[in-house]
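Worksheet: the structure to be examined is printed underneath.
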Amino acid sequence: MTEHTVRSFSADLEELSGDIARMGGLAEDALSDAIQSIATRDPLLAAGVVARDPQIDTMQVEIEKKILRLLALRQPLARDLRQTISGLKIAYELERIGDLAKSIAKRTKVLDGAEPTGAFKGVARMGRLVVAQLKRVLDAYSALETDAATSVWTRDEEVDEHYTSLFREVLTYMMEDPRMISSCTHLLFVAKNLERVGDHCTNIAEEVHFLVTGETLTTERPKVDVFTSK
Amino acid sequence: MASGAVSGAGATGDAGLKAVARTKVRARNVSVFYGPKQALFDISLDMPEKTVTALIGPSGCGKSTFLRSINRMNDTIEGCRVEGEIDIDGEDINDRSIDPVLLRARVGMVFQKPNPFPKSIFDNVAYGARIHGLASTKKEMEAIVESSLERAGLWNEVKDRLNQPGTGLSGGQQQRLVIARAIAVNPEIILMDEPCSALDPIATAKIEELIDELRLNYCIVIVTHSMAQAARVSQQTAFFHMGKLVETGDTELIFTNPRDTRTQDYITGRFG
């Protein structure tokens, strides 16, 4: 896209995209470390995730401030307006992802010493899938690729299916051995958190699509409900 | 809709005001020449009643020329030639049977710089009504002046000094006085050529508020350089560039998701 006549306006918008990309990087690192810490029961790695979360929160506040200033000073229109508003919403989604990563990491401590069941492997697999979704949607944002964003949006179904099958699997572990209930419940929460991250990724995908095309992804996304598809 | 121009309206099935409003002014293939130089190329645009149509575009793009062709103001310019057809309620305004003076009573105009006559506030508003013989008694004339000033949102500010010169009012008040003068002759259409560019933000806000009220009764066409103003006051926006109509559509769509990259570039401040 051509430069604005007022060059500092273009610079402001570029800075916004850069900030979002950096914040996305932090959220991605937090999430993949959190999953790793659960999979390897590594409390040190988990503590790092918890300690770094305020960074993500601060970035969201900073981005909001910059967007407020941009709206007041530049009164962006058309695509500039969409970019500004989607920036605001994506920053919110990333902040939520950061929180969920923190909450996953926190469970490492209680899972320390738990029996290494297949459930851990399942959670790790689902985690890798969700991290890949997040990475893909952030790349789509940076490259303004609406096709890539749409594919993230449709692939959330896979995450949901993963969650459903993990839910069933963990349930059987608990039935087999009541001593596993505690750790398995924590793993279920982790899986639920991952499923939520997947939803936030689709929200970001919707924002990218809106930013690029000016239209909203309206068709209902296929959803799998764990409680009705027993 | 415009030939050769992108139309954003209806593309997303928007059933706004415009969809129900009847076309008041219909321009078809309008070209305007100043001597050998062509200033407007083949403009086709429908301007509905009870709707504000904003004409936007960089300086020299032809939007004011187009505006002036709606009340045949271009006739007064030496060497200016208008081709194509402009209808008001289906009647060709360039037909020989049309008296341009009567036409301009139906199509009022407000300019960038307020231009009150060097007369009293009362006489400024009464002037047109008097020429057109709209009042037969003094009482009737007073009623016309009062209701016009009322509708222009100026009555309360000037009711105690109607005999003072109109030129003594502030810029914003003068502009509303000129609008009162325009509506005193019961026009059907009001053309505005950058009516707020010489006004401060408060006076501008008052004029915008007034435009919003006038819209209920008139077809309004406004030329403005303020994108924010066009977005605020109009329901339909037409973007002109180098004498051509590039894109027209619902204002909301033009300012959030324009179809043409030239429109996008202009409204986001990338050229012009």
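Note that this is a predicted model, so its numbers are computed, not measured. Hydrogens, waters and symmetry mates play no part in the numbers below; they use all other heavy atoms, side chains included. Order of the sequence lines sets the chain letters (A, B, ...), proteins ahead of strands, with each chain counted from 1.
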Task: Region of A:Ser10 that comes under 4.5 Å of a non-hydrogen atom in chain B - done: neither
Open item on the list: Once rounded to the nearest 0.5 Å, what's the spacing between atom CG of B:Leu214 and atom CD1 of B:Ile179?
Closed with: 6.5 Å
Task: For A:Ser17, side chain to side chain donor-acceptor pair (under 3.5 Å) partners two or more places apart - done: A:Gln83
Extract all donor-acceptor atom pairs below 3.5 Å that involve side chains of residues 53-66 of chain B and protein atoms in other chains or at least two apart in sequence.
unit_1	atom_1	unit_2	atom_2	d
B:Thr53	OG1	B:Gln236	NE2	3.0
B:Lys63	NZ	B:Gly57	O	3.1
B:Lys63	NZ	B:His225	NE2	3.0
B:Ser64	OG	B:Asp193	OD1	3.3
B:Ser64	OG	B:Asp193	OD2	3.3
B:Thr65	OG1	B:Tyr34	OH	2.9

Task: Proximity of residues 55-78 of chain A to chain B, residues having a non-hydrogen atom under 4.5 angstrom - done: A:Leu77, A:Ala78
Task: For B:Ser226, all residues meeting side chain to side chain donor-acceptor pair (under 3.5 Å), sequence neighbours excluded - done: none
Open item on the list: Does the plane of the ring in A:Phe167 sit parallel, tilted or perpendicular to the ring in A:Tyr163? Use 30° and 60° as the thresholds.
Closed with: tilted
Task: A:Arg155 backbone acceptor or donor facing A:Glu158 side chain under 3.5 Å - done: no
